[in-house]
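Below is one structure, written out as structure tokens; comments come after it.
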Amino acid sequence: MLRNIEEILKENKKIEIKTSEDLEKFRLKYLSKNGILNSLFVEFKSIGGEEKKKYGKILNEFKSLIEKKYNENRKYIEETKKEEKNIIDYSLPGTPIKLGSLHPLSIVQNRIIDIFNKMGFVISEGNDIEDDWHNFSALNFPENHPARDMQDTFFISKEMALRTHTSSVQVRVMEKQKPPIRTISPGRVYRNEVVSARSNCFFHQIEGLYINKNVSFADLKFVLLKFVEEFFGKDIKIRFRPSYFPFTEPSAEMDIFLGTETEENKRLTKGTGWLEILGCGMVDENVLKNCGIDYEKFSGFAFGMGIERITMLKYGIKDIRMFFENDTRLLNQFAGL
Ligand code: PHE
């Protein structure tokens, strides 16, 4: 048996373990159930007396040599494998990063804000949920005005509703701030309307307010003309038509001239060439009074426009619902704008 072990050891020394396959072969040959080590131990059982002590020692030494070689190589192979995983191939092409895009409504809103910022208007924002006072009463809506009706307004309780316009924000500004006031209020507004290609139960507005000494309708016209010239281009034509809002007196609606050359413009303007884009007027004295502003000293104008409408016009989008579907086929077209 001694000779046998010596030979096995010699052979074992020659074995090189380089891969995990080599390691497995080594394990099967020496350390498995049917491996050499086990068979030596089986043989060892039949030895008796003095011999047993001697072989026992040799056999145990042999066993630990084999096990040591196995474990050392296993550790080495596992570690190199780990390192290989961490190797970076710098020649590989990079993973492309998909650039997002601003929503078309944000693009147009930012543009409008920019233009009014340049004219000295600062942004004010409020909450989507508003009380009756700020959305209606302070704005001179008579108690039984149809706009308060359940058909137009999403009421949350008797007192609270989803704001139907951002004029509510302007009431809050006037309550807090002394004139001169020059502010624009962008934001989402809600109306209980039947959803269709042309109207949605929520949309976005920008409303403006200017209060100072001696503000006149001429100032209102000038500011709005400058705005449309910046937004649509110098050649734009506008007109004002009388209208009614509870919070302005006189009130007007402003149209821009699209013409009737294209079928699309004919359709949009119902054959007239003119398209309404905003409501405006001189702030009603009652509103100034309600907000604690001295209406004998100060006057002002207000205006409000729907962002969806202007965005649809600018980009030829025909259905308002497309803004809220988040279909990337639409949104991707605005990447980089
Ligand atoms: N608040 C009005 C609306 O929601 C718009 C408007 C604002 C009209 C200011 C006149 C003055 O339709």
Apply the test side-chain contact (heavy atoms from CB on, under 4.5 Å) to residues L224 and F303: give CA-CA distance (whole Å), side-chain angles for both, the deciding distance (0.1 Å), then the verdict.
CA-CA 9 Å; L224 292 179; F303 57 88; 3.8 Å; yes
Ring centroid separation [X] to [Y] under 6.0 Å:
| X | Y | result |
| --- | --- | --- |
| F247 | H165 | yes |
| F121 | F227 | no |
| F301 | F217 | no |

Would you confirm whether [X], through its side chain, and [Y], through its main-chain N or O, come within 3.5 Å as a donor-acceptor pair?
| X | Y | value |
| --- | --- | --- |
| D219 | S216 | yes |
| R163 | R188 | yes |
| N140 | V287 | no |
| S243 | S251 | no |
| S199 | V194 | yes |
| K69 | N12 | yes |
| Q205 | T166 | yes |
| R241 | E253 | no |
| E207 | S167 | yes |
| S64 | N60 | yes |

Looking at [atom1] of [X] and [atom2] of [Y], how far apart are the two atoms once the value is rounded to the nearest 0.5 Å?
| X | Y | atom1 | atom2 | answer |
| --- | --- | --- | --- | --- |
| R111 | S106 | CZ | OG | 15.0 Å |
| N135 | F141 | CG | CZ | 7.0 Å |
| I36 | L28 | CD1 | CG | 11.5 Å |
| M119 | F222 | CE | CZ | 8.0 Å |
| F245 | L139 | CZ | CG | 12.0 Å |
| N265 | L258 | CG | CG | 4.5 Å |

Cluster question for you: counting only ILVMFWY and a side-chain heavy-atom cut-off of under 4.5 Å, with indirect links fine, are [X] and [Y] together?
| X | Y | answer |
| --- | --- | --- |
| L225 | M305 | yes |
| Y244 | L278 | no |
| I320 | I206 | yes |
| I293 | V122 | no |
| I113 | L105 | yes |

Show your working on side-chain contact (heavy atoms from CB on, under 4.5 Å) between F231 and I112 and close with a plain yes or no.
CA-CA 7 Å; F231 192 86; I112 297 172; 3.9 Å; yes
[X] and [Y]: which non-hydrogen atoms are nearest, and at how many Å?
| X | Y | result |
| --- | --- | --- |
| F154 | C201 | CE1-O, 3.7 Å |
| C291 | V171 | SG-CG1, 3.8 Å |
| S101 | A335 | CB-CA, 3.3 Å |
| L330 | F334 | O-CD1, 3.3 Å |
| S124 | P186 | O-CD, 3.8 Å |
| G208 | I184 | CA-CG2, 3.9 Å |

Is there a salt bridge (charged side-chain N to carboxylate O under 4.0 Å, His left out) between K266 and E263? Walk through the geometry before answering.
CA-CA 5 Å; K266 239 190 236 168; E263 277 310 307; 3.5 Å; yes
Do [X] and [Y] come close enough that some side-chain heavy atom pair is under 4.5 Å?
| X | Y | result |
| --- | --- | --- |
| I310 | I307 | no |
| L268 | L313 | yes |
| K314 | I107 | no |
| I77 | D22 | no |
| R198 | R309 | yes |
| L275 | D255 | no |
| H103 | N326 | yes |
| E78 | R74 | yes |

Knowing that exactly one of Q177, H134, E125 qualifies, which makes a side-chain hydrogen bond (donor to acceptor under 3.5 Å, both in side chains) with R172?
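Answer to the side-chain hydrogen bond (donor to acceptor under 3.5 Å, both in side chains) test with R172 among Q177, H134, E125: H134.
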Any ion pair linking [Y] and [X] (charged N to carboxylate O, less than 4.0 Å)?
| X | Y | answer |
| --- | --- | --- |
| E7 | K10 | no |
| E67 | K63 | yes |
| E24 | R27 | yes |

Looking just at side-chain N and O atoms, do S137 and N290 make a donor-acceptor pair shorter than 3.5 Å?
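No.
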Would you say the side chains of S32 and N34 form a donor-acceptor pair under 3.5 Å?
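No.
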Tell me whether the count of non-hydrogen atoms from other residues, nucleotides or ligands lying under 6.0 Å of [atom1] in [X] goes above 12.
| X | atom1 | answer |
| --- | --- | --- |
| D294 | CG | yes |
| N127 | CG | no |
| N71 | CG | yes |

Please assess N192 against D152 for the test side-chain contact (heavy atoms from CB on, under 4.5 Å), listing each intermediate value before the final yes or no.
CA-CA 5 Å; N192 193 358; D152 293 316; 5.6 Å; no
Report the C-alpha separation of I211 and M174 in whole Å, then their side-chain angles, then the decisive distance to 0.1 Å, and conclude whether the side-chain contact (heavy atoms from CB on, under 4.5 Å) test is met.
CA-CA 9 Å; I211 306 218; M174 286 189 278; 3.5 Å; yes
Test: K178 cationic atom under 6.0 Å from F298 six-membered ring centre, within 45° of axis:
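No, K178 and F298 do not form such a contact.
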